[in-house]
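A short write-up of the structure that comes next.
Just so it is clear: chains get the letters A, B, ... in the order the sequence lines come, proteins before strands, and each one is counted from 1. Since the structure is predicted, the reported quantities are computational estimates derived from the model, not experimental observations.
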Amino acid sequence: MSWDPVYKLVKQIPRGRVITYGALAKALQLRGGARTAGRALAATPSGRGIPWHRVVGERGKLLIPEPYASLQRKLLESEGVKIVEFRVDFAKHGWVPTRRGKPKHRKK
DNA sequence: CATCTGACGACCG
DNA sequence: GCGGTCGCCAGAT
């Protein structure tokens with residue numbers, strides 16, 4: 001499966017903003033929901049300028065295992081995103097993908 | 001081909 | 001709010 005659409009959307013996340021796996025899955029209408037979105041991020045190739053650290057769990061919670069969580073927190077804070085106990089102030093930094101050429105029929 | 005696993009999230013106690 | 005279970009699905013074994 002090609003996760004290109006996922007990476008493409010992640011790259012569009014504005015600096016200093018974050019999005020959740022669920023919102024990501026919903027925006028792209030991924031069949032498996034949030035879990036599938038997480039799968040896509042887990043498979044994210046590094047060194048491609050993909051801001052994977054801007055993707056967090058529901059309510060802005062950092063769900064990834066160490067040592068990534070620490071790295072993610074560091075990266076987000078460097079962008080001005082406030083992190084509290086491995087949690088992002090989602091209400092303040094949450095981002096909703098802008099509607100554009102949105103898909104009309106789910107994959108598969 | 002049968003199982004297990006996991007960068008999720010909704011539910012329940 | 002926290003921990004355990006369940007459903008989902010694609011990849012790995």
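Side-chain proximity of A/Glu58 to B/dA7, C/dC8, B/dA10: nearest is B/dA10. Among C/dC2, C/dC9, B/dG9, the nucleotide with an atom closest to any side-chain atom of A/Arg87 is C/dC2. Side chain of A/Thr36, nearest nucleotide from C/dG7, C/dC9, B/dG9: C/dC9. For A/Trp52, the side-chain atoms get nearest to B/dA7 when compared with the rest of C/dG7, B/dA7, B/dG9.
As judged by a 4.0 angstrom heavy-atom cut-off over every strand, A/Gly22 is placed among residues touching the sugar-phosphate backbone only. The residue A/Ala42 sits close to a base: some heavy atom pair falls under 4.0 Å.
Under a hydrophobic clustering in which Ile, Leu, Val, Met, Phe, Trp and Tyr are joined whenever their side-chain heavy atoms come within less than 4.5 Å, directly or via other members, A/Val55 and A/Leu71 fall into the same cluster. Hydrophobic clustering, with ILVMFWY side chains joined whenever heavy atoms are under 4.5 angstrom apart, groups A/Leu63 together with A/Val6. Linking ILVMFWY residues whenever their side-chain heavy atoms come closer than 4.5 Å, directly or via other members, leaves A/Val18 and A/Leu41 in distinct clusters. Residues A/Ile19 and A/Phe90 do not share a hydrophobic cluster, defined by chaining ILVMFWY side chains whose heavy atoms lie under 4.5 Å apart. The hydrophobic cluster containing A/Val88 does not contain A/Ile64, counting ILVMFWY residues as joined when their side-chain heavy atoms lie under 4.5 angstrom apart, directly or transitively.
Between A/Arg59 and C/dC2 there is no side-chain polar atom (N or O) within less than 4.0 angstrom of OP1 or OP2.
C/dC9 atom C1' lies 16 Å from atom CG of A/Leu41, rounded to whole Å. Following rounding to the nearest Å, A/Phe86 (CZ) and C/dG1 (C1') show an atom-to-atom distance of 18 Å. The NZ atom of A/Lys26 sits 15 Å away from the C1' atom of B/dC8 (whole-angstrom rounding). In this structure, A/Leu30 atom CG and B/dA7 atom C1' are separated by 14 Å, rounded to whole Å. Rounding to whole angstrom units, CG of residue A/Leu24 and P of C/dC8 are separated by 21 Å. Atom CZ of A/Arg35 and atom C1' of B/dA10 are 13 Å apart (whole Å). Taking atom CD on A/Gln29 and atom C1' on C/dC8, their separation rounds to 16 Å, with Å as the unit. Rounded to whole angstrom, the span from the CG atom of A/Leu28 across to the P atom of C/dC9 amounts to 16 Å.
Other residues, nucleotides and ligands place no more than 12 heavy atoms under 6.0 Å from the CD atom of A/Glu85.
For the pair A/Arg73 and A/Phe86, the cation-pi criterion (under 6.0 Å, within 45° of the ring axis) is fulfilled.
At distances below 3.5 Å, at least one donor-acceptor pair connects side-chain atoms of A/His93 with backbone N or O atoms of A/Gly16. A donor-acceptor pair under 3.5 Å is formed between the side chain of A/Thr44 and the backbone N or O of A/Ala40.
The stretch residues 64-71 of chain A touches DNA chain B through A/Ile64, A/Pro65, each having a heavy atom within less than 4.0 Å of the strand.
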Using a cutoff of under 3.5 Å, can you pull out all pairs of nitrogen or oxygen atoms linking the protein to nucleotides 11-13 of chain C, with atom names and distances?
residue : atom : partner : partner atom : Å
C/dG11  : OP1  : A/Met1  : N            : 2.7

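A salt bridge is defined here as a Lys NZ or Arg NE, NH1 or NH2 lying under 4.0 Å from an Asp or Glu carboxylate O, and A/Glu79 with A/Arg54 meets this definition.
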